[in-house]
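Encoded as structure tokens, the structure appears first; notes follow it.
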Number of protein chains: 2
Amino acid sequence: MISLANMKNLKPGDFPPEIKGLRMTRQRREVLAVILRDRDHPTANDVFLRAQKRMPTISLATIYNCLEALVTHNIVRQVNLERESSRYCPNLSDHCHFQDEKSGKIHDVVFKKGVKLEDILELPKGTEVSHLEISLKGIFGK
Amino acid sequence: MISLANMKNLKPGDFPPEIKGLRMTRQRREVLAVILRDRDHPTANDVFLRAQKRMPTISLATIYNCLEALVTHNIVRQVNLERESSRYCPNLSDHCHFQDEKSGKIHDVVFKKGVKLEDILELPKGTEVSHLEISLKGIFGK
DNA sequence: ATTACGAATTAGAATAATTCCAAATTTCGG
DNA sequence: CCGAAATTTGGAATTATTCTAATTCGTAAT
């Protein structure tokens, strides 16, 4: 599992073993470190501003490139809420997203144990789900 | 219930009674008629192209204005799939959307009878859901 | 019916997020 | 260490959507 701890002393070439076919660059390492550090579902621009602190020459285009690479390699998940800009999330376990209308904060929400999609939805025989996104908005309790 | 049939001879001022506080204009009537006619989840631009056939002077800005009015009055539902442009759906009953990767077509999918959100998700006490969107992608069976 | 006023329409400009481009740089296997 | 292939970069381009300000329209009250 990739964690902030593993990231700290990562050098080029040190990509965690589960990541195949993805070159390690300083920029990708930094983008991933930013996303693992504060797990607050930052936008590409948020990531850009944070990455710039430690790497002042990084460009926004690179942020987008890195994020795309991390997303297509299933290291990071892209989260789309309504028409807002995409956000990025290092939590790879099954979960959905709840945006609190008061604070704007996004919370990860997990499924109850044993819940299966086919128990919930009327899907025709032979349907294959490759992608599922559930997003909620409202007042988040607690 | 609003239907295409009701729409046909609608004159200004003839807005269906369940719609309060929304002025009836030729443009809104046409936009609504387009959405009710082919229930294929058109984008704003799709609606524009179709509305233009019967109303050649209508502008895209008006399409957006009308759609916004219809959406905020709960006459039409706005559907967001990934980063694509918004689509519009006249089906107001609880349902979610499945985009078939082969055809690109979007299918309405309903919940199994008796399924409640709180049975599915771990939501903290006091959570109030004001908006829920579930979207799926894959191969749609049948 | 006519009026008046707030609301809606329009074309075009503006914005925001994201993608594209082409040149310079970097990574990494051999 | 070398070289091919991938990546980074700044800036331009694109796309969906929103904004603006002038004109027109819908409707409630006369």
Side-chain angles (χ1 to χ4, degrees), chain A residues 10-17 19-34 41-52 54-73 75-76 78-88 104, chain B residues 10-17 19-34 41-52 54-73 75-76 78-88 106:
Chain A
L10 230 46
K11 298 176 291 301
D14 281 352
F15 238 125
I19 306 169
K20 291 290 184 204
L22 184 58
R23 263 187 201 186
M24 176 48 101
T25 63
R26 288 187 309 128
Q27 291 83 349
R28 284 179 181 168
R29 197 167 351 114
E30 179 57 28
V31 166
L32 179 51
V34 163
H41 303 89
T43 64
N45 198 57
D46 293 336
V47 174
F48 178 48
L49 296 174
R50 293 174 198 179
Q52 265 188 327
R54 304 223 281 125
M55 196 180 275
T57 61
I58 199 170
S59 82
L60 183 54
T62 299
I63 301 292
Y64 276 102
N65 290 340
C66 292
L67 289 171
E68 188 192 6
L70 295 171
V71 167
T72 60
H73 285 76
I75 299 162
V76 160
Q78 183 171 17
V79 177
N80 298 118
L81 300 175
E82 314 249 286
R83 304 258 80 223
E84 297 179 10
S85 26
S86 287
R87 296 169 176 279
Y88 297 87
Chain B
L10 231 45
K11 297 176 293 303
D14 281 351
F15 238 122
I19 305 172
K20 291 290 185 205
L22 184 60
R23 266 192 199 179
M24 178 47 105
T25 63
R26 289 187 307 129
Q27 290 84 346
R28 285 178 181 168
R29 197 164 354 111
E30 179 58 26
V31 166
L32 181 50
V34 164
H41 304 88
T43 64
N45 198 58
D46 295 334
V47 174
F48 178 48
L49 296 174
R50 294 174 197 177
Q52 265 187 327
R54 302 225 280 124
M55 196 180 277
T57 62
I58 199 168
S59 81
L60 182 55
T62 299
I63 302 292
Y64 276 102
N65 290 338
C66 292
L67 289 171
E68 188 193 4
L70 295 170
V71 167
T72 60
H73 285 77
I75 298 161
V76 160
Q78 184 171 16
V79 177
N80 298 118
L81 301 176
E82 315 249 289
R83 305 257 78 226
E84 296 178 10
S85 25
S86 287
R87 296 170 175 279
Y88 297 87
I106 291 158

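Proteins come first, then strands; the chains are lettered A, B, ... in the order of their sequence lines, and each starts at number 1. This one's a predicted model, so the numbers in the text were calculated from it and none came from an experiment.
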Margin query: When you measure from the side chain of R28(B) to the backbone of L70(B), do you find a donor-acceptor pair of N or O atoms at a distance under 3.5 Å?
Written below: no
Next item on the list: Start with the C-alpha distance between L32(A) and R29(A), add both sets of side-chain angles, then the distance that settles side-chain contact (heavy atoms from CB on, under 4.5 Å), and finish with yes or no.
Entry: CA-CA 5 Å; L32(A) 179 51; R29(A) 197 167 351 114; 6.0 Å; no
Check: Given atom CD1 of I58(A) and atom C1' of dT25(C), what is their separation to the nearest angstrom?
Finding: 14 Å
Check: Rounded to whole angstrom units, what separation is found between the CD atom of E68(A) and the P atom of dC20(C)?
Finding: 8 Å
Item checked: Distance-only side-chain donor-acceptor flag, T62(A) / N65(A), under 3.5 Å -> no
Item checked: CA sep, side-chain torsions, deciding dist, call: V31(B), V34(B), side-chain contact (heavy atoms from CB on, under 4.5 Å) -> CA-CA 5 Å; V31(B) 166; V34(B) 164; 5.8 Å; no
Check: Can you tell me how far the CG atom of N80(A) sits from the CG atom of L81(B), to the nearest 0.5 Å?
Finding: 10.0 Å
Next item on the list: Could you tell me whether the phosphate oxygens of dT26(C), OP1 or OP2, come under 4.0 Å of any side-chain nitrogen or oxygen in Q27(A)?
Entry: no
Checklist line | Pairwise 5' ranking along DNA chain D for L60(A) and L60(B), keeping only the more 5' one | finding: L60(A)
Notebook entry, point to check: In whole angstroms, how far is the P atom of dA16(D) from the CD atom of E82(A)?
Noted result: 19 Å
Notebook entry, point to check: Taking CE from M24(B) and C1' from dA7(C), how many angstroms apart are they, rounded to a whole number?
Noted result: 15 Å
Next item on the list: Mark yes when over 12 heavy atoms from residues, nucleotides or ligands other than E84(B) sit less than 6.0 Å from its CD; otherwise mark no.
Entry: yes
Checklist line | Nearest to side-chain heavy atoms of R23(B), which nucleotide of dT9(C), dG6(C), dT8(D) | finding: dG6(C)
Check: If you check every side-chain atom of R28(A), which of dG12(C), dT8(D), dG26(D) has the closest atom?
Finding: dT8(D)
Margin query: Just N and O in the side chain of Y64(A): are any of them under 4.0 Å from OP1 or OP2 of dT18(C)?
Written below: yes
Notebook entry, point to check: OP1 or OP2 of dT17(D) less than 4.0 angstrom from a side-chain nitrogen or oxygen of R83(A), does that happen here?
Noted result: yes
Checklist line | Non-hydrogen atoms of Y88(A) and L67(A) that approach each other most closely | finding: CE1-CD1, 3.5 Å
Notebook entry, point to check: Above 12 or not: heavy atoms from other molecules or residues under 6.0 Å from CZ of R54(B)?
Noted result: no
Check: Between atom CG in L67(A) and atom C1' in dT8(D), what is the gap in whole Å?
Finding: 14 Å
Item checked: T62(B) side chain near dT10(C) phosphate (N/O to OP1/OP2, under 4.0 Å) -> yes
Checklist line | Under 4.0 angstrom between T43(A) side-chain N/O and dA17(C) OP1 or OP2 | finding: no
Notebook entry, point to check: Are any of S59(B)'s side-chain N or O atoms less than 4.0 Å away from OP1 or OP2 of dG12(C)?
Noted result: no
Margin query: Rounding to 10°, can you tell me the angle the first-five-pair axis of the helix from dA1(C)-dT30(D) to dG30(C)-dC1(D) makes with its last-five-pair axis?
Written below: 40°
Next item on the list: Starting from C1' on dC25(D), measure out to CE on M55(B) and report it in whole angstrom.
Entry: 13 Å
Item checked: Integer-rounded Å distance: dT15(C) C1' and E84(A) CD -> 17 Å
Next item on the list: Could you state the atom-to-atom distance from CZ of F48(B) to P of dT10(C) in whole Å?
Entry: 9 Å
Next item on the list: Would you please confirm or rule out a distance under 4.0 Å between OP1 or OP2 of dA17(C) and any side-chain N or O of S86(A)?
Entry: no
Check: Hey, does N65(A) reach any base, or is it just sugar-phosphate, or nothing, if we go heavy atoms under 4.0 Å?
Finding: base
